[in-house]
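Some notes on the structure that comes next.
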Amino acid sequence: MRIARFSIDGNVAFGAVEGDGPDGLVLDIIKGIPYSEFELSGTKVPLNKVRLLPPVLPNKVVAIGRNYAEHAAELGNEVPDVPVAFFKPTTSVIGSGDAIEYPSFSDEVHHEAELAVVIGRMCREVPRERVKDVIFGYTCANDVTARDAQEREKQWARAKGFDTSCPLGPWVETDLDPGDLAIQATVNGEQRQLGRTSDMIRSIEDLVVHITEAMTLLPGDVILTGTPAGVGPLHVGDEVAVTIEGIGTLTNKVIKRG
């Protein structure tokens with residue numbers, strides 16, 4: 001099931017996305033929140049009549065760096081011995097169709113297409129065999145990065161945590177095997193990244209176990225699983241799209257912050 005979060009007439013709700021094709025999609029409004037048992041209301045609205053919001057509002061976004069060997073190599077890095085984890089703040093999260101604002105402290109902002117894992121229940125120290133039980137679903141993500149700031153600053157907080165640097169969407173797909181999905185990024189229609197989730201160095205199970213050894217994850221929290229090779233620059237006026245097989249396409253325009 002595809003679960004979207006949206007606004008209409010000043011109200012915010014979750015809905016199940018039904019239908020096919022951009023003009024045939026409708027939202028069946030969900031009663032309550034989708035992390036526990038829920039009912040569909042039967043009240044349906046066309047997707048093109050609403051504004052899509054970030055599909056979740058995470059308490060935290062835990063991102064993993066250098067989880068694809070070719071991406072590590074293209075930036076001159078070794079594959080790390082353990083997962084490299086960092087945070088993106090909630091203020092970095094935007095939805096499909098929202099603008100990425102080019103930060104004033106950078107002259108080199110890059111796209112990074114990623115599969116995002118959405119957590120469905122509070123969990124800590126999750127054993128490998130229970131990882132699937134704590135996952136709500138999957139969505140597309142763009143780990144937008146100020147590459148020059150990342151290179152000159154020892155911490156990645158500003159480079160990867162600036163406002164609008166974490167597009168998520170367009171919705172969460174709850175019924176999906178994430179083991180071998182095509183993932184790509186295009187800029188102005190030109191393909192930049194193309195890889196498969198099967199190329200991850202560490203699996204989703206590895207990442208959930210590793211992260212929850214240290215911290216509690218809450219419903220709606222997001223894990224970014226790393227990006228394949230092909231990252232590159234974004235400029236004001238560009239339109240960047242992240243497409244993941246079985247999920248959909250996350251699209252954002254780059255604008256000047258102001």
Side-chain angles (χ1 to χ4, degrees), residues 1-61 88-100 113-123 131-142 163-164 166-178 181-183 204 217-224 239-253 255:
M1 180 178 288
R2 293 169 291 179
I3 305 294
R5 182 171 162 270
F6 64 95
S7 66
I8 184 170
D9 297 330
N11 298 309
V12 175
F14 289 94
V17 183
E18 300 176 351
D20 295 303
D23 297 325
L25 296 177
V26 297
L27 290 161
D28 192 336
I29 297 176
I30 289 172
K31 296 179 179 178
I33 59 173
Y35 304 120
S36 56
E37 292 186 10
F38 63 86
E39 295 181 9
L40 297 176
S41 68
T43 300
K44 300 184 180 184
V45 293
L47 186 68
N48 60 14
K49 298 296 185 184
V50 308
R51 179 192 169 202
L52 283 177
L53 302 173
V56 291
L57 282 179
N59 175 270
K60 53 189 169 292
V61 177
K88 293 176 82 81
T90 56
T91 47
S92 70
V93 174
I94 58 174
S96 189
D98 292 336
I100 298 167
E114 309 206 6
L115 175 69
V117 180
V118 180
I119 298 300
R121 61 178 65 180
M122 186 170 68
C123 58
V131 167
K132 290 182 179 179
D133 296 338
V134 306
I135 293 175
F136 175 61
Y138 305 89
T139 192
C140 305
N142 192 345
D163 290 355
T164 74
C166 189
L168 298 174
W171 41 65
V172 177
E173 174 57 68
T174 63
D175 185 15
L176 186 71
D177 181 350
L181 303 175
I183 176 171
I204 290 170
L217 296 178
L218 303 175
D221 280 353
V222 170
I223 298 172
L224 304 189
E239 183 175 83
V240 56
V242 174
T243 301
I244 300 180
E245 181 181 2
I247 300 175
T249 299
L250 165 69
T251 304
N252 301 94
K253 190 91 177 268
I255 68 171

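Side chains included, hydrogens not; waters and symmetry mates left out as well; all remaining heavy atoms used.
- Tyr138 places none of its side-chain heavy atoms less than 4.5 Å from the side chain of Ile244.
- Atom CD1 of Ile100 sits about 10.0 Å away from atom CD1 of Ile255, to the nearest 0.5 Å.
- Put simply, the side chain of Val222 reaches to within 4.5 Å of the side chain of Val56, judged on heavy atoms.
- In this structure, Met1 and Asp175 approach most closely via the heavy-atom pair N-CB, 3.8 Å.
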Sequence neighbours excluded and cut-off under 3.5 Å, please list the side-chain donor-acceptor pairs for residues 30-43, or say none.
residue: Ser41; atom: OG; partner: Ile29; partner atom: O; Å: 2.8
residue: Ser41; atom: OG; partner: Thr43; partner atom: N; Å: 3.1

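- The backbone N or O of Gly95 sits less than 3.5 Å from a side-chain atom of Asn252, completing a donor-acceptor pair.
- For Glu245, the salt bridge (Lys or Arg N to Asp or Glu O under 4.0 Å) partners at least two apart in sequence or on another chain are Arg196.
- Using modelled atom types, no side-chain atom of Asp28 and backbone atom of Ala16 make a donor-acceptor pair closer than 3.5 Å.
- Salt-bridge annotation for Asp98 and Arg51: present, with a side-chain N of the basic residue lying under 4.0 Å from a carboxylate O of the acidic one.
- Residue Cys123 comes nearest to Val134 through the heavy atom pair CB-CG1, 3.8 Å, listed as atom of the first residue, atom of the second, then distance.
- Between Leu168 and Pro55 there is a side-chain heavy-atom pair separated by less than 4.5 Å.
- Residues Trp171 and Thr139 are not in side-chain contact: their nearest non-hydrogen atoms beyond the backbone lie 4.5 Å or more apart.
- Atom CG of Leu218 sits about 4.5 Å away from atom NZ of Lys60, to the nearest 0.5 Å.
- Of all heavy-atom pairs spanning Val242 and Ala113, the tightest one is CG1-CB, 3.7 Å.
- Two residues are said to be in side-chain contact when any heavy atoms from C-beta on lie closer than 4.5 Å; Lys88 and Val93 fail this criterion.
- Residues Ile119 and Ile223 meet the side-chain proximity criterion, which asks for heavy atoms closer than 4.5 Å.
- Legend: residues meeting salt bridge (Lys or Arg N to Asp or Glu O under 4.0 Å) with Asp163, ordered by chain and number and at least two apart, are absent.
- Put simply, the side chain of Thr243 never gets that close to the backbone of Thr249: no donor and acceptor are under 3.5 Å apart.
- Expressed to the nearest 0.5 Å, how far CZ of Arg2 lies from OG1 of Thr174 amounts to 10.5 Å.
- Two residues are said to be in side-chain contact when any heavy atoms from C-beta on lie closer than 4.5 Å; Ile247 and Leu115 meet this criterion.
- Side chain of Arg5 to backbone of Leu53: no donor-acceptor contact under 3.5 angstrom is found.
- In this structure the side chain of Ile8 never reaches within 4.5 angstrom of the side chain of Leu27, judged on heavy atoms.
- The backbone N or O of Thr251 lies less than 3.5 Å from a partner atom in the side chain of Ser96, making a donor-acceptor pair.
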